[in-house]
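Labels below follow one simple rule: chain letters A, B, ... track the order of the sequence lines, proteins then strands, and each chain is numbered from 1.
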Amino acid sequence: MASTSIVEIENMTFKRGERTIYNNVSFQIPRGKVTAIMGPSGIGKTTLLRLIGGQLRPDSGTICFEGQNIPELARSELYKVRHKMSMLFQSGALFTDMTVFDNVAFPIREHTKLPKEIIRTMVLMKLEAVGLRGAKDLMPSELSGGMARRAALARAIALDPELILYDEPFAGQDPISMGVIVRLIQSLNQALGLTSVVVSHDVQEVMSIADYIYVIANQQVIGQGTPEELRQQESPLVQQFLQGQADGPVPFHYPAAEYSSELLEYARS
Amino acid sequence: MISFFQKVGANSLDNLGSVGRATFMLIGALVSKPTPIKSFPLLMKQIYMVGFLSLIIVVVSGLFIGMVLGLQGYTILVDFGAESSLGPLVALSLLRELGPVVTGLLFAGRAGSALTAEIGLMKATEQLSSLEMMAIDPLKRIIAPRFWAGVISMPLLATIFSAVGIIGGYLVGVKWLGVDDGSFWSIMQAAVDLEDIWNGLIKSIVFALVVTWIALYKGYDSIPTSEGISRATTETVVHSSLAILGFDFVLTAIMFGA
Ligand SMILES: Nc1ncnc2c1ncn2[C@@H]1O[C@H](COP(=O)(O)OP(=O)(O)OP(=O)(O)O)[C@@H](O)[C@H]1O
Ligand SMILES: [Mg+2]
């Protein structure tokens, strides 16, 4: 698989202070495919996207994008690499002082010298794709959470990057726009050959669009495979996550002292 | 006792660290090859936000402070029959001290706090991160134009403050209390050197650098939560005000001291 992967992570360890988020993990993201990353909340999925984007540096190990080791790149090289990727932030992160139209036009205006008319056409196409052409003159503060995320999605695909990192694209969407986004990710992927990395806990949607899935927990990749393979897997960790059971080998709780002793602590003192 | 020294030590290390980070931020923002076509509209927008929108508070304050100076100065001078010296009294107080200092304090409260809150919120809502991911350096795109806007606007505002203040002093002294019109202006002209104007201007440039830098750094370094941003905004006003008063003493000592 090595030659066909766009991102290769090897023996990567990342810590937040004392807490290890990733412990010596390795995996690849195949080019031209939709790869999903699933895992319980707070496990480090957003962190992983930021590591791939070069906003965070791992404590050890390599993260290669098209053969270049991201953590070792100089700033200017990193910026060059970032021209080829884009990220949909969990919060949308629209620029609040611009209209939806200007938000989507922003990366195009910054990085190309295209004439106004073409930029307008490009922006309208992207907005049409996410169903927000009618909202182009609204300010981000006038959008609902789901609309803001779709506008951000339009901005993320504005320059047709090679790799798109989607952080929770389905959160806060109604079933209709959820379906629209699922189809959008698929069609971008098939028509333009983009590579997509989708971080999400919506098991159903992820199973329906992903070509390959990694399940993360306990600082490791605990399961991987195509949706079919994953369903067949016997690993209790993976099954617990896919079926959404609170109790099982994957802890639902943030690491803590034992519950009863913490409750009693006050009484004792 | 030891823990007291530990605290002091840790605090000073913290402060040293933030001076270092602030310096890195500023260097990162300002050192680059100039791109006038892209930067100019950004700069103009910020001069509008930072400078023009502070104009009203500066003009109104200048007018009232000039009028108070005229009134207070007159009541003192008239006892010595020296009320014709009201002109230089008003002009020199404004040009040397009150213009730069009061404008600096107003600027910290009006524009500095707004800058900190704006940048802190941009950080909290991941706008700065998303610029980064678009391969656009937020230091150059967000920090640099705001810095230059502050540095350009504040000396202009201080000049306007002094000019309006002198008019305020004139209105009270001459029009109301009856100081002689001709001597008000002519004695003022004779007493005010070009050096006074320069020194006031230098002060206001120094204050502008300090206030804008503090405001931008506090926003950029803020903890991206509502509490963190509110603390950063308060710190901007407090630290800038103290810095202005401290630097004012130092600069005055250098310029006018023995
Ligand atoms: N700025 C930070 N400083 C310290 N710790 C952080 C910071 N950001 C995140 N963390 C920690 O890193 C862990 C992973 O965070 P991350 O945002 O990657 O989780 P996530 O998997 O994206 O969760 P979710 O599904 O809820 O978005 C969390 O447990 C959090 O406590
Ligand atoms: Mg997340």
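When all heavy atoms are compared, the tightest approach of B/Ala135 to A/His111 is O-CE1, 3.7 Å. Residue B/Ser129 comes nearest to A/Arg50 through the heavy atom pair OG-NH1, 3.3 Å, listed as atom of the first residue, atom of the second, then distance. In terms of heavy-atom proximity, B/Ile136 sits nearest to A/Phe106 at CD1-CE2, 3.4 Å.
Taking OG1 of A/Thr96 as the start and CG of B/Leu121 as the end, the distance is 7.5 Å to the nearest 0.5 Å. To the nearest 0.5 angstrom, B/Met133 atom CE is 5.5 Å from A/Arg82 atom CZ. Summarising the geometry, atom CE belonging to A/Met87 is positioned 9.5 Å from atom OG belonging to B/Ser130; distances are rounded to the nearest 0.5 Å. Rounding to the nearest 0.5 Å places CG of A/Asn103 at 8.0 Å from CD of B/Gln127.
When each of A/Met85, A/His83, A/Glu110 is scored by its heavy-atom pairs under 4.5 Å with chain B, the top score falls to A/Glu110. Between chain B and the options A/Gly54, A/Gly92, A/Ser91, A/Ala152, heavy-atom pairs under 4.5 Å are most frequent for A/Ser91.
The pair A/Arg75-B/Glu132 meets the salt-bridge criterion, since a charged nitrogen lies less than 4.0 angstrom from a carboxylate oxygen.
Surrounding CG of B/Leu242 are more than 12 heavy atoms belonging to other residues, nucleotides or ligands, all under 6.0 Å away.
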- What do the steps show when you test B/Glu126 against A/Leu94 for side-chain contact (heavy atoms from CB on, under 4.5 Å), and what is the final call? CA-CA 8 Å; B/Glu126 297 184 311; A/Leu94 293 172; over 6 Å; no

- Query: Checking side-chain contact (heavy atoms from CB on, under 4.5 Å) for the pair A/Phe95/B/Leu131: CA distance, chi angles, key distance, verdict?
  - Reply: CA-CA 9 Å; A/Phe95 301 125; B/Leu131 278 174; 3.6 Å; yes

